Amino acid sequence: MENTTFSYNYSAARNREVENIRKKYMPQEESKLDILKKLDSRVQCAGMIESLSIGIIGALVFGVGMCFFLDVFAGAAWLSALFMIIGTLIMIPAYPIYRRIALKTKAELTPEILRLSEEIMKSANN
């Protein structure tokens, strides 16, 4: 007589991992809420890279001036003052550039954001 037994192994963690991997390769459709979130994050981050780049470059130039001032590099005092002034002048427009780009992006994307949010709210009320 043959002994036939049924064996079943279930692992929730393994199934979750398999499902997460599978989701990466399935065709994904973006919902209106996903699109709205992406547009909102674009408005929130607009101008950040540009202003940070300008500010960092200005801070580095200012730091070179500080190195001349502390005699890390053998140089004259006028050279340290020159680098510190140039670094400061580079840093000053960082925030106005950020504000200009952020406001421009906000003005461009506001109609689309309002339209999508209105559609989502109408569909939620139905």
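Predicted model, so just to flag it, every value in this text is computed and none were measured.
- For Ser41, the side-chain hydrogen bond (donor to acceptor under 3.5 Å, both in side chains) criterion is met by no residue, not counting sequence neighbours.
- Every residue meeting the side-chain contact (heavy atoms from CB on, under 4.5 Å) condition with Ile56, not counting sequence neighbours, appears here in chain and number order: Leu60.
- Other residues sharing the hydrophobic cluster of Tyr25, ordered by chain and number and joined by side-chain separations under 4.5 Å: Ile21.
- A search for side-chain contact (heavy atoms from CB on, under 4.5 Å) contacts involving Glu112 returns Leu39, Arg115, Leu116, not counting sequence neighbours.
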Give every donor-acceptor pair under 3.5 Å between a side-chain atom in residues 48-55 and any protein atom, sequence neighbours left out.
{"unit_1": "Ser51", "atom_1": "OG", "unit_2": "Gly47", "atom_2": "O", "d": "3.0"}
{"unit_1": "Ser51", "atom_1": "OG", "unit_2": "Met48", "atom_2": "O", "d": "3.2"}
{"unit_1": "Ser53", "atom_1": "OG", "unit_2": "Ile49", "atom_2": "O", "d": "2.8"}

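- Taken to the nearest 0.5 Å, the OG atom of Ser31 stands 9.0 Å off from the CG atom of Leu36.
- Residues meeting the salt bridge (Lys or Arg N to Asp or Glu O under 4.0 Å) test with Lys38, sequence neighbours left out: Glu30.
- The line from CG of Asp40 to CD1 of Ile35 is 13.5 Å long, rounded to the nearest 0.5 Å.
- Every residue two or more places apart in sequence or in another chain that forms a salt bridge (Lys or Arg N to Asp or Glu O under 4.0 Å) with Lys32 is listed here: Glu119.
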Contacts under 3.5 angstrom, residues 77-97 side chains, donor-acceptor by atom type, not counting sequence neighbours:
{"unit_1": "Ser80", "atom_1": "OG", "unit_2": "Ala77", "atom_2": "O", "d": "2.7"}
{"unit_1": "Thr88", "atom_1": "OG1", "unit_2": "Met84", "atom_2": "O", "d": "2.8"}

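- Membership of an apolar cluster is not assigned to Val18, as no side-chain contact below 4.5 Å to another ILVMFWY residue is traced.
- By the side-chain contact (heavy atoms from CB on, under 4.5 Å) test, Leu103 is found to be paired with Arg99, residues two or more places apart in sequence or in another chain being considered.
- By the side-chain contact (heavy atoms from CB on, under 4.5 Å) test, Ala13 pairs with Ser11, Arg16, sequence neighbours left out.
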